[in-house]
Amino acid sequence: MLQYNLPRNLPSADELPDSDETPVDNELQELIPGLLKAILLILWSERMDWFFGIDMGIYYHPDKPAIVPDAFLSLGVERFYDEELRPSYVLWDENVLPTFVLEVVSPTYRKEYSTKLEEYQALGVLYYVIYSSRRRRKPRLEVHKLVNGKYELQPGHPVWMPEIGLGIGCERGNYSGVTREWLYWYDADGKRYLTPEEKVKESAQLAQQESQRADRLAQRLRELGIDPDNLT
């Protein structure tokens, strides 16, 4: 449970803006989080104890503006709490801090490596992830983990996050018809989880292989003088 020194009469999520109303200035700020969420919707389809927010305000005090990351993941919360869904993420209602926050650096730098890092650190977010496709001399993907109240940059790629049960990394692939570097989730062995499009293709390939196997079996039976259509 979170402990806050807050006023007694607190607004609900429905009474607070859902974001800071600042438009994204790069389509990747929508597509990259969207791909991560789409994979989770398949991977954790049976789970109802998680929430992945995109460009949604996180309220930590009623008299202060919300923090609005490009995406965040909370564990141990209701995935849906009513049919209207969440308009915003209010910490004094949820009582659960996001475990993971993602910022995608846009052409308009918004202090992702300084001010925002300090804000998420002070808030107590366990993993703060920054992705910048424009970086050349430094890693494009940084995963910071909160250790003793301070963020420490995590080595390796992909980076395994045991508290979440997922790894995160980047590699080239195709999403929404665009071939480029994307962020993906990985398992503990570093194997990338498939996107929805890849899952559909995989299912189609498996169905085709099964059909071909059945055709070969039927042909072999005919060669043996057995009519496969009359088997009982």
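Heavy-atom basis, side chains included; hydrogens, waters and symmetry copies ignored.
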Check whether any side-chain heavy atom of [X] sits under 4.5 Å from a side-chain heavy atom of [Y], and report yes or no.
| X | Y | answer |
| --- | --- | --- |
| Val125 | Tyr151 | yes |
| Asp49 | Leu75 | no |
| Glu181 | Tyr131 | yes |
| Leu40 | Leu166 | yes |
| Leu35 | Trp185 | no |
| Gln121 | Lys150 | yes |
| Leu126 | Lys145 | yes |
| Cys170 | His157 | yes |

For this session: Could you give me the CA-CA distance, side-chain angles and deciding distance for Phe52 and Leu41, then say whether side-chain contact (heavy atoms from CB on, under 4.5 Å) is met?
Result: CA-CA 10 Å; Phe52 193 89; Leu41 287 171; over 6 Å; no
Exercise. Would you say Val178 and Tyr175 are hydrophobically clustered, going by side-chain heavy atoms of ILVMFWY under 4.5 Å?
Worked result: yes
Problem set entry | Linked, directly or transitively: Ile42 and Trp182 (ILVMFWY side chains, under 4.5 Å) |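 Looking at the clustering, Trp182 is in a separate group from Ile42.
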Problem set entry | CA sep, side-chain torsions, deciding dist, call: Asp93, Arg86, side-chain contact (heavy atoms from CB on, under 4.5 Å) | CA-CA 11 Å; Asp93 285 341; Arg86 286 175 173 85; over 6 Å; no
Where do [X] and [Y] come nearest, in terms of heavy atoms and distance?
| X | Y | answer |
| --- | --- | --- |
| Ile39 | Tyr193 | CG2-CB, 4.0 Å |
| Gly57 | Ala66 | CA-CB, 3.9 Å |
| Tyr127 | Trp160 | OH-O, 4.5 Å |
| Tyr60 | Pro65 | CE2-O, 3.7 Å |
| Tyr89 | Phe51 | CD1-CD2, 4.1 Å |
| Phe80 | Leu85 | CD2-CD2, 3.6 Å |

From [atom1] ([X]) to [atom2] ([Y]), nearest 0.5 Å:
| X | Y | atom1 | atom2 | result |
| --- | --- | --- | --- | --- |
| Leu36 | Leu73 | CG | CG | 10.0 Å |
| Ser74 | Asn95 | OG | CG | 11.5 Å |
| Glu27 | Ile32 | CD | CD1 | 10.5 Å |
| Arg192 | Asp187 | CZ | CG | 11.5 Å |
| Leu194 | Leu43 | CG | CG | 10.0 Å |
| Tyr128 | Glu142 | OH | CD | 9.0 Å |

Problem set entry | Sequence neighbours excluded, every pair satisfying ring pair (Phe, Tyr, Trp, His ring centres under 6.0 Å) that has a member inside residues 30-50 | Trp44-Trp50
For this session: Keeping the roles fixed (side chain from Asp189, backbone from Lys191), state whether a donor-acceptor pair exists under 3.5 Å.
Result: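 The answer is no, because no donor-acceptor pair under 3.5 Å joins these two groups.
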For this session: Give a yes or no on whether the backbone of Arg134 and the side-chain of Arg136 come within a donor-acceptor separation of less than 3.5 Å.
Result: yes
Exercise. Is it the case that more than 12 heavy atoms not belonging to Lys37 sit under 6.0 Å from its NZ atom?
Worked result: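 Yes, NZ of Lys37 has more than 12 neighbouring heavy atoms, counting only those of other groups under 6.0 Å.
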For this session: Check the pair Asp55 / Glu30 against side-chain contact (heavy atoms from CB on, under 4.5 Å), numbers first and verdict last.
Result: CA-CA 8 Å; Asp55 193 32; Glu30 297 177 348; over 6 Å; no
For this session: Using the ring of Tyr113 (Phe, Tyr or Trp, six-membered ring only), decide whether Arg135 places NZ or CZ under 6.0 Å from its centre and within 45 degrees of its axis.
Result: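 Output yes; distance and angle both within limits.
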Exercise. Just one of His144, Glu112, Glu103 clears the side-chain hydrogen bond (donor to acceptor under 3.5 Å, both in side chains) bar with Tyr120, so which one?
Worked result: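 Option passing the side-chain hydrogen bond (donor to acceptor under 3.5 Å, both in side chains) with Tyr120: Glu103.
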For this session: Report the C-alpha distance between Leu97 and Leu91 in whole Å, list the side-chain angles of each, state the deciding distance to 0.1 Å, and finish with yes or no for side-chain contact (heavy atoms from CB on, under 4.5 Å).
Result: CA-CA 7 Å; Leu97 274 170; Leu91 289 182; 3.7 Å; yes
